[in-house]
Structures are given as structure tokens and as C-alpha cells.
Amino acid sequence: MQLPFPLAEEPDELTREIGRKLFAGQTEFVKGVVAMNGLPPADRLEVCFAGRSNVGKSSLINALTGTKGIARASNTPGRTQEINYFTQGPELYLVDLPGYGYANAPVAVVEKWQKLLKQYLSGRQTLRRAFVLIDTRHGVKKVDEEILKLLDTSAVTFQVVMTKSDKVKEADRLKVLDQVRGALSKHPAAYPEIVLTSSEKGDGIATLRTIIAGLD
């Protein structure tokens, strides 16, 4: 019997190469967006990355692109307050969504970001998948549920990417995966596969590149 939400398998050599070629192209920062009218032209496929503050989102984007510092990692939760757009070669936008779940941001600021996220997720026709990052040390928390519910009501499928898998012993990792699978079973927009990654070790990066390269 197959587990619900199995781990994504490592790609074979052919599909791995397709993913590698996509991310071998130049990565460039386009702009930070604070309102829908600031979005760049919807002239190519795009994927977005969402996750609570300090989940390792910037590190994952840097690992995917093989470009140190293209997405700024910060020790200050909630520093990224914009939707940040990057081109990945001529065919793809990578979209870094504002981190969520930090306690120190003013209520008015949080409400503004939530409104922008709702508009973006519901209204961007070229958005093919949202990748929701979950820390392998902690699993799905209440604050993550808010974005998962939002994605259920938006016009986009989301897929969970587990980060920092190298920081957790295997037995504890299995327990967390069980918790994540249980949480995802309540969300109809969840893609039925989990990607386990470590930006530091490079684990799962080729797999995620291949998944993105296979979207159309």
C-alpha cells in the first residue's frame, strides 16, 4: 500500500539533465512588487515559493539557481516584505513570496501582505505551482495552515517542500512526515507528492529542478 503524499523520487539521468539545463541559465533579479499593478508582464511560466520566516526559503532558491546570494537570506524575520521576481533564463519566473509567521510585524503590515498574496495567488494566470516550504524540524504549524487554506481557494496547485532535512534524525523525520501527510490530507489543492530537501547538503535540489522543468 502506497503512502499518501509519497516522497518525490530522484530523477533519472535524462530528466535530471532537463532540470539542470533549465537552471543553468542566468538568474536575474527583476523587481520587488508591493501591488498587483507592479507585476511584470505575464509572458512566461512562473512558480512561487512560500514559507514562514526562517524556513530556509532564500537558501533553497539560491541552491536551485546555483547563485550565491541571489535571494537574500536574513537573520531578521519578516525582512522580505515584497513579492520578489527573478528570471530563470528566458522561460521562467521564480517568485519569492513574503515570509509569514513572524510576531514582530505590525498588524496593518501583515494585513497588507495577506491582501496582496490573495490577489496574486488568485489572479496570476501564468502561475503553475506554488511550493510551500515546511521546516523538517517542526512540521506543519498553525501559521502554515493559513497559507494552505488560502491556496485551497486560489486557482493554483501547491506542493510541499521540506527544508533542512539534514538537521533531523531519520526517526524524527519519519514522525514529522507523518504529521505533514495528515495535515495535507485536509487540503484539496495539495499536489500528492512531497519533496525532501537540504540546501546545505544539496539533497533534493535536482529533484525539485526536474519537477519545475516538467511544468507547462
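We count residues from 1, following the sequence as given.
Tyr93 meets the ring-ring contact (aromatic ring centres under 6.0 Å, His included) test with Tyr85; sequence neighbours excluded. Arg128 meets the salt bridge (Lys or Arg N to Asp or Glu O under 4.0 Å) test with no other residue; sequence neighbours excluded. Remark: Asn37 pairs with Ala35 by the side-chain contact (heavy atoms from CB on, under 4.5 Å) rule, at least two apart or across chains. With sequence neighbours excluded, the residues that form a side-chain contact (heavy atoms from CB on, under 4.5 Å) with Glu200 are Asp166, Lys167, Ser198. By the side chain to side chain donor-acceptor pair (under 3.5 Å) test, Glu17 is found to be paired with Arg20, residues two or more places apart in sequence or in another chain being considered. By the ring-ring contact (aromatic ring centres under 6.0 Å, His included) test, Phe131 pairs with Phe49, sequence neighbours left out. Considering only residues two or more places apart in sequence or on other chains, Arg44 meets the salt bridge (Lys or Arg N to Asp or Glu O under 4.0 Å) condition with none of them. Under the side-chain contact (heavy atoms from CB on, under 4.5 Å) criterion, Lys118 pairs with Leu150, sequence neighbours left out. With sequence neighbours excluded, the residues that form a side-chain contact (heavy atoms from CB on, under 4.5 Å) with Val168 are Thr136, Arg137, Asp172, Arg173.
For residues 138-175, the set of pairs meeting the ring pair (Phe, Tyr, Trp, His ring centres under 6.0 Å) definition, not counting sequence neighbours, is empty. For the ring pair (Phe, Tyr, Trp, His ring centres under 6.0 Å) condition, the pairs that include at least one residue of residues 11-37, sequence neighbours left out, are Phe29-Phe86. Identified under the side-chain hydrogen bond (donor to acceptor under 3.5 Å, both in side chains) test for residues 201-216, with sequence neighbours left out: none.
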